[in-house]
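What follows is a single structure, written as structure tokens, with notes after it.
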Amino acid sequence: MTRIVIVGGGYAGFYTAYKLQKLLRRGEAEVVVIDPLPYMTYQPFLPEVAAGSIEARHAIVPLRRHLNKCRVITARVTGIDHGSKSVTVTPEGQPSFSLDYDHIVITAGAVSRTFPIPGVADFAIGMKTIEEAVSVRDRVIDNLHLAADMPPGPARDRLLTIVVVGGGFAGIEAFAELRSMVSAMLKEFPTIGIDDTHFHLIEAMDRIMPEVSAKSAQWVIKNLEKRQAFIHLNTQLTSAVDGKLALSNGMTLETDIVIWTAGVKAQSMLGGTGIPLDERERICARADLRVEDGDTILEGMWTAGDVARVPDLSGGGVGGYCVPNAQHAVRQGKIMAKNIVAVIRGEEPKNYVHKNLGAVAGLGVGHGVFQSGDLALTGLLAWFAHRFYHGFAIPMWERKARVFSNWLVHFFWGRDFSSVRKVQRPRDFFEEFASRPAEAPKKATRQKVGAR
Ligand SMILES: Cc1cc2nc3c(=O)[nH]c(=O)nc-3n(C[C@H](O)[C@H](O)[C@H](O)COP(=O)(O)OP(=O)(O)OC[C@H]3O[C@@H](n4cnc5c(N)ncnc54)[C@H](O)[C@@H]3O)c2cc1C
């Protein structure tokens, strides 16, 4: 049977597999999805997970449950040999094995892109995974608990300072959502006032959110300023060692939480595999999502999403290529599935064409921004648009229902501000009290009694 191996079950990979399992006839092909994570992460919800508006498990889509006609392997692909058409699969802590394929789909996504700024790699955290979002939420909550009974001073200020680096969509959403959460939490912390909390976002360019108009971006800055969250434009982080931040405008800050969202880059696991990459390490694809090497098509190799450089035939892309976002990843995944089936059946694949629909961002409960062409909405209406769009955009009805029920419950009873950070060291509780067998008496060490 023809075997289609999908490397990465995120947005593009999940939708490719989901569509393939619908399109393929019984016995026509086997679909294998390989990802080190057993779930697809709905990344646009990460800021709301960090802000306690969505339960972490509801913002992910379990692969085995919804790709039930596919074979799911929880492992990392560590090698691709297209000459012999085989991949090396490495499950965590287990020996690697190889798997042959007829078609390979590379949808391994992107990772946070950092610069060699002292302290960033050791101290900062990203906002790309569910684990990072949960960790940020728990840390912010724990820090408020600690600060509540501390006297004013630098140590307390450090706990109540949150810094985000990068004014793109992900950074602004995370910043604004956390501001919203902390402001809401203050009702439960009478010893902490809003002036005691410090929110700073650092952006190297002269504007934020390039996806919305300059006017809407300006509205966002003003809106956040009113909520005591400050954006520093034309400013760079120059050092972050141990949370002691130095900025290019001369400002210094001390913080416990630095969230790095200043860009992403394609997964670099492909270097050395002979797969054609551009100067930004993206896989070079044709508009029909087949991988190309110059003028040659690599038969049986496909790609989409953030890892790929796909021509934007709508004419709207940056440098002529699709920008890395979910809008493209989802649609490319669906077209790619159709194209793979077409090729298996001896038909011609079709080109991917999609015109950008616009952008919508949630900025914390009751605040949002929406832009589609010249149409812009800000405030409550845009926030509703954000919730409506993303609530329905997360794949599978059972996930949509879980997310909407989160929001409904919060409407009546508020968000749940409990931190379970201790889950990272769960044995501490048990170990503290667990009795151990008495230590065996040490054998008396024979001493040579020397003649004196
Ligand atoms: C905070 C945040 C908010 C966002 N908001 C929006 C938004 O509002 N609108 C929008 O359009 N876009 C948004 N995006 C961008 C969007 O989420 C991405 O563009 C999209 O996830 C890209 O899909 P992908 O399939 O290429 O990669 P991903 O969804 O990242 O999936 C890649 C998968 O590959 C797996 N993988 C990696 N390496 C390997 C390997 N070696 N072997 C096997 N598997 C591997 C990973 O585990 C992952 O599951 C947001 C992103 C973030 C971080």
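Just so we're clear, the structure is a prediction, and the values are computed from it rather than from any experiment. First listed ligand is number 1; within each ligand, the first listed atom is number 1.
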Q. Which option out of A110, A12, S112, P44 puts a heavy atom nearest to atom 4 (C) of ligand 1?
A. P44
**Q.** Selection from Q332, Q267, H386 by shortest heavy-atom distance to atom 38 (N) of ligand 1
**A.** Q267
Q.
Is the distance from the ring center of Y42 to that of H58 below 6.0 Å?
A. no
Q. Does Y321 OH have over 12 foreign heavy atoms under 6.0 Å away?
A. no
Q: Give yes if a backbone or side-chain nitrogen or oxygen of Y39 is under 3.5 Å from a nitrogen or oxygen of ligand 1, and no if not.
A: no
Q: Report, in ascending order of atom number, the atoms of ligand 1 lying under 4.0 Å from any heavy atom of K128.
A: 53 (C)
Q: Return a yes/no value for Q43: is any of its N or O atoms, backbone included, closer than 3.5 angstrom to an N or O of ligand 1?
A: yes
Q | Residues R421, D142: salt bridge by 4.0 Å N-O rule | A | yes
(Q) Looking at ligand 1, is there an atom of it that comes within less than 4.0 Å of some heavy atom belonging to H390? (A) yes
(Q) Distance under 4.0 Å to a non-hydrogen atom of V7: what atoms of ligand 1 satisfy this? (A) 42 (N), 43 (C)
Q) So, R64 side chain and V72 main chain: donor-acceptor pair closer than 3.5 Å or not? A) yes
Q: Pick whichever of A108, P36, A266 has a heavy atom sitting closest to atom 44 (N) of ligand 1.
A: P36
**Q.** Nitrogen or oxygen of M127 less than 3.5 angstrom from that of ligand 1
**A.** no
**Q.** Check: D288/N339 side-chain N/O donor and acceptor closer than 3.5 Å
**A.** no
Q. Which ligand 1 atoms does G10 reach within 4.0 Å, using its non-hydrogen atoms?
A. 25 (O), 29 (O), 31 (O), 33 (C), 49 (O)
Q | Residue T107 vicinity, atoms of ligand 1 by number, heavy atom under 4.0 Å | A | 32 (C), 33 (C), 34 (O)
Q: Please could you name the atoms of ligand 1 that G305 approaches to less than 4.0 Å, counting only its heavy atoms?
A: 26 (O)
Q) Is the shortest N/O to N/O distance between D306 and ligand 1 below 3.5 Å? A) yes
Q) Does V77, backbone or side chain, put an N or O under 3.5 Å from an N or O of ligand 1? A) yes
Q. Taking NZ, NE, NH1 and NH2 as the nitrogens, is one of them in E92 or R76 under 4.0 Å from a carboxylate oxygen of the other?
A. no
Q. W219 ring centre to K222 NZ or CZ under 6.0 Å, with the angle to the axis within 45°?
A. no
**Q.** is_close_aromatic(F392, F404), centroid dist under 6.0 Å
**A.** yes
